2 protein chains.
Amino acid sequence: MKTSTPSSSIEDYVKVIYSFTEWQDKPITSTRLAQRLGVANSSVSEMVRKLKDQGLVDHKPYSAITLTGDGVRLAVSMVRRHRLIETFLVQELGYRWDEVHDEAELLEHAVSDTFIERMAAKLGNPLRDPHGDPIPAADGSVQVPAAHRMNELDAGHTGRITRISDENPELLRYLAAEEIDLDAEVEVLGRRPFGGPLVVRIGSGGTPREFDLAEEVASALWVHSEDAHAGCSVTGP
Amino acid sequence: MKTSTPSSSIEDYVKVIYSFTEWQDKPITSTRLAQRLGVANSSVSEMVRKLKDQGLVDHKPYSAITLTGDGVRLAVSMVRRHRLIETFLVQELGYRWDEVHDEAELLEHAVSDTFIERMAAKLGNPLRDPHGDPIPAADGSVQVPAAHRMNELDAGHTGRITRISDENPELLRYLAAEEIDLDAEVEVLGRRPFGGPLVVRIGSGGTPREFDLAEEVASALWVHSEDAHAGCSVTGP
DNA sequence: CTTATTGTTTCGGTATGCCTAAAAATTATC
DNA sequence: GATAATTTTTAGGCATACCGAAACAATAAG
């Protein structure tokens, strides 16, 4: 059991492993991890061995990689850092949605816990970041909103956008330009023939407007159905 | 001529070389540089060779180290970063004087130019940091206040504290506890016999109070004499 | 069931930046 | 001006984290 401060590489590996299973539960493989991190497969093999030595992941050769309890704790603290920094950049320094990610990526490894907690206090301990992703609390508990991807909803469903996936910056810019924002009310109207685009009505602020959303766009928008049981699952520390 | 982004080590070396000559003009030697950076002499020799290769310093073996034009430019931009971050931490996140240095030390290497400039704008492009050190402008020009160390002043001199050296955190805490702040009016009354402590009257806010200041304290306080020619030298870009 | 194909790991090698110990140059002392 | 003391540089090593190429498993295809 190593107690040394993890390097920023280790923090990145653990965060990516965690993030991969956050909105779906396939465990991550070496190759995917390498893709996400932008490194060679061989680098991942090496690093995973190190993570295992430090008790952060479980891994048998040639099979998937999963986090241990310590691994999850470290990952959650990195996610908290990342999302608080993003929120701060948007709310206090006027960054746009699509600008925050890279800056947060660098800052999350550099700042102290003191910095994070003062920032959180200044922001009023927010529970969601600018994309609607849940911000884990300082004790490690996470409020996961009970939401579904918009492209998986049937016609007639109504609800609010509770999360916008930040994986594709270009998509974020499109949504910003169309003024499709977090918490907008949505109604799924149906689908164009032959599995075509999803037709939805979105009322963000003013009068509702209709959109034909490509699959990629619809799957990036997560909707909290108000008619469904309105709950939040909480993962304890 | 290398155009690659300097590593954070290189940024540190250049910043320390610059800082050493900021309030005095002895050029820095390998040993001193090693002391300031907390590394072995041999590490300095190696690194200085690299800095020379990149055109950031001039150095002949066994003699002092000086910055080139490029070196000064890089150093000034690092000093700008450092001091803006310190100011931000104090004004926006409620850090105390003696807490900011280490945090700024880490952040200055991590954040983007965008971050720095947004922060500067939010702070109203300040010209001094919380200790009174001048913050270089984005174009590299520096406003150096015409001040002297308090221990070098003769009895009868009056003025304001324009800078408090931040080299000794314990000293900063002492000054904070005694409420000796930046911009306080001071009058040098004299010296205790046999080169004893300096006796000064300091009026920060309320009624002036008298202090016996040890040499180390007095030399950390820089005074801008109001009776002397009140000017600021500006170093261009 | 045997051979491709794909995925994963191991094996040298590279770059950074630090170290200690030994060698070389400079400066100080006699 | 020769020797002693100090400063500085060189030489050989260590840790991190990456790479490409080759070896090795596991799965898919015939």
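Within every chain, numbering begins at 1; the chains are lettered A, B, ... in the order of the sequence lines, protein sequences first and strands thereafter. Predicted, not measured: the structure shown is a model, and the values here were computed from it.
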For A/Glu11 and D/dT16, give me the distance from atom CD to atom P, rounded to whole Å. 15 Å
What parts of residues 102-109 of chain A reach DNA chain D, counting only heavy atoms under 4.0 Å away? none
Tell me the interatomic distance from B/Asp53, atom CG, to C/dG17, atom P, rounded to whole angstroms. 13 Å
Donor-acceptor list for residues 33-52 of chain A side chains, cut-off 3.5 Å, not counting sequence neighbours:
{"from": "A/Lys52", "atom 1": "NZ", "to": "A/His59", "atom 2": "O", "distance (Å)": "3.1"}

Are any non-hydrogen side-chain atoms of B/Pro145 and B/Pro134 less than 4.5 angstrom apart? yes
Kindly list each side-chain donor-acceptor pair under 3.5 angstrom involving residues 86-94 of chain B, sequence neighbours excluded, with atom names and distances?
{"from": "B/Glu86", "atom 1": "OE1", "to": "B/His131", "atom 2": "ND1", "distance (Å)": "3.3"}
{"from": "B/Glu86", "atom 1": "OE2", "to": "B/His82", "atom 2": "NE2", "distance (Å)": "2.8"}
{"from": "B/Glu86", "atom 1": "OE2", "to": "B/His101", "atom 2": "ND1", "distance (Å)": "3.4"}
{"from": "B/Thr87", "atom 1": "OG1", "to": "B/Arg83", "atom 2": "O", "distance (Å)": "2.7"}
{"from": "B/Glu92", "atom 1": "OE1", "to": "A/Lys122", "atom 2": "NZ", "distance (Å)": "3.3"}

Is the closest side-chain heavy-atom distance between B/Tyr174 and B/Asn168 below 4.5 Å? no
Can you name the atoms? Protein N/O to nucleotides 8-10 of chain D N/O, anything below 3.5 Å, with the distance.
{"from": "D/dT8", "atom 1": "OP2", "to": "B/Thr31", "atom 2": "N", "distance (Å)": "3.2"}
{"from": "D/dT8", "atom 1": "OP2", "to": "B/Thr31", "atom 2": "OG1", "distance (Å)": "2.2"}
{"from": "D/dT9", "atom 1": "OP1", "to": "B/His59", "atom 2": "NE2", "distance (Å)": "3.1"}
{"from": "D/dT9", "atom 1": "OP1", "to": "B/Tyr62", "atom 2": "N", "distance (Å)": "3.3"}
{"from": "D/dT9", "atom 1": "OP2", "to": "B/Ser30", "atom 2": "OG", "distance (Å)": "3.0"}
{"from": "D/dT9", "atom 1": "OP2", "to": "B/Ser45", "atom 2": "OG", "distance (Å)": "2.8"}

Out of A/Glu152, A/Met150, A/Arg149, which one pairs with A/Trp222 under the side chain to side chain contact (heavy atoms under 4.5 Å, CB included) rule? A/Arg149
For B/Ala40, report the nucleic acid contact type (base, sugar-phosphate, nothing); a contact means any heavy atom under 4.0 Å. base
Summary of salt bridge (Lys or Arg N to Asp or Glu O under 4.0 Å) pairs that have at least one residue in residues 167-176 of chain B, sequence neighbours excluded: B/Asp98-B/Arg173
Enter the distance from B/Thr29:OG1 to B/Tyr62:OH here, rounded to the nearest 0.5 Å. 14.0 Å
Any residue meeting salt bridge (charged side-chain N to carboxylate O under 4.0 Å, His left out) with B/Arg32, in chain and number order, not counting sequence neighbours: none
Let me know the distance between CE of A/Met47 and P of C/dT8, rounded to the nearest Å. 18 Å
How many whole angstroms separate atom CG of B/Asp12 from atom C1' of C/dT16? 14 Å
Distance in angstrom units between A/Ile10 CD1 and D/dA15 P, rounded: 15 Å
Between A/Glu103 and A/Val100, is there a donor-acceptor pair closer than 3.5 Å when you use the side chain of the first and the backbone of the second? no
What integer distance in Å separates A/Tyr13:OH from D/dA17:P? 9 Å
Protein-nucleotide distance (A/Ile28, atom CD1; C/dG7, atom P), rounded to Å: 14 Å
